[in-house]
Amino acid sequence: MSAHNFSAGPCVLPREVLAEAAEAVRAWHPAGLSLLEISHRDPLFVEVMEEARSLVLELLGLDATEYTSLFLQGGASSQFFAVAYNFLDSRAAYVNTGTWSSKAIKEAEHFGEIIVAGSSESTGFDRIPNPLETLSDVDYFHLTTNNTIYGTQWTAFPKPQTPLVADMSSDLLSRVISPWPFDFIYAGAQKNLGPAGATLVVLRNAMLDRICREVPSMLDYRRLSEKESMYNTPPVFAVYVCLLNLRWLKSIGGVEAVEQMNREKASLMYSEIDRNSLFHGVARETDRSAMNATFRLKDSQLQNKFDELWKEGGIYGLKGHRSVGGYRASMYNALNIESVKTLVDIMKHFENQYG
Ligand code: PMP
């Protein structure tokens, strides 16, 4: 029996995905070899890469003639500078909604001027600000769709006059986004996509014409696209587990079905946070994330008692990010609603004891 895993990432993965991944480590190739010991140029691995790349587009509802997906390395953090290296010629607009947006801004500043087109810093990043969409003389407009640490999430996206770029690390494939407003997105895999070690990029092909300078090959999206995500040795195991996870998502009904489940989980969780007299939510109600629910104890003296209770109750990973404290229930795609029910029962029990 495994713990109820509310970890913010790396995070819960479907048990069947883990079982199949474990088997592939033992023996996968017809030659009796592990997935980890064969060439990434082996036709069977090339098929894995192709299927993973096309399944991402299929699940996102994107046309493969218009968009390209790439499995890269270096995490979302490397995309902070890779995006700017490729596309930031003079000025770019960024919305600052928390730690990850701030880091993206800092890295992009190496390449040009950054205009902050909205920020919720003055209210402790508790909300999604109204962005300035009308800037026309910028190379692109960047936002973070879900703020993993603060527990806020965009619902309606800006329609800038320039390409829209998004860090989707923590809500990729968790909800239907249609029509797709983004020209370029990236995400570290270790939430809804798979294990750490792979990084996804999905770009509108027309973006390749906007690359504004000579870029080293490993960061050059044109080169990476031409080489079909195989310019160098890809993270074979991580990509394979992403594929298994994408197949799992398709098998349960795709993004539409998982969105419904994610909504139910979030609604259950936030109802309890609002109802329970010992807790309060952190993010502004209208901007609450369905992926990461952040909340606090009204009386911090009770912290040790609550921590003991949820740990005893088989909950894992409920602590808020070390920079903000409090609690964070991350409810990614593979988290079962039973886990949320268990946590809610623990919170109720805690209120009965100390409320
Ligand atoms: N952006 C967001 C929204 C994140 O949640 C994270 C990591 N949790 C990152 C970027 C950084 O990702 P990585 O560790 O893959 O560099």
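Read the numbers this way: they start at 1 and go in the same order the structure lists the ligands and their atoms.
Applying the salt bridge (Lys or Arg N to Asp or Glu O under 4.0 Å) rule to Glu58 yields the partners Lys250; only residues at least two apart in sequence or on another chain are considered.
Contact residues of ligand 1 (protein heavy atom closer than 4.0 angstrom to a ligand atom; sorted by chain and number): Gly75, Ala76, Ser77, Phe80, Trp100, Thr144, Asn146, Thr148, Asp167, Ser169, Ser170, Gly188, Gln190, Lys191.
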Would you check, one step at a time, whether the test salt bridge (charged side-chain N to carboxylate O under 4.0 Å, His left out) holds for Asp89 with Arg210?
-> CA-CA 9 Å; Asp89 192 14; Arg210 301 182 77 106; over 6 Å; no
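Taking the six-membered ring where the residue is Trp, Tyr327 and Trp310 present perpendicular rings, their angle passing 60° and hence far from 30°.
Between Tyr94 and Tyr140, a ring centre-to-centre spacing shorter than 6.0 Å is recorded.
Interatomic distance, OG1 of Thr199 versus CD of Gln73, reported as 7.5 Å (0.5 Å rounding).
Ionic pairing of Lys311 and Asp307 is not present here: no N-O contact between side-chain nitrogen and carboxylate oxygen is shorter than 4.0 angstrom.
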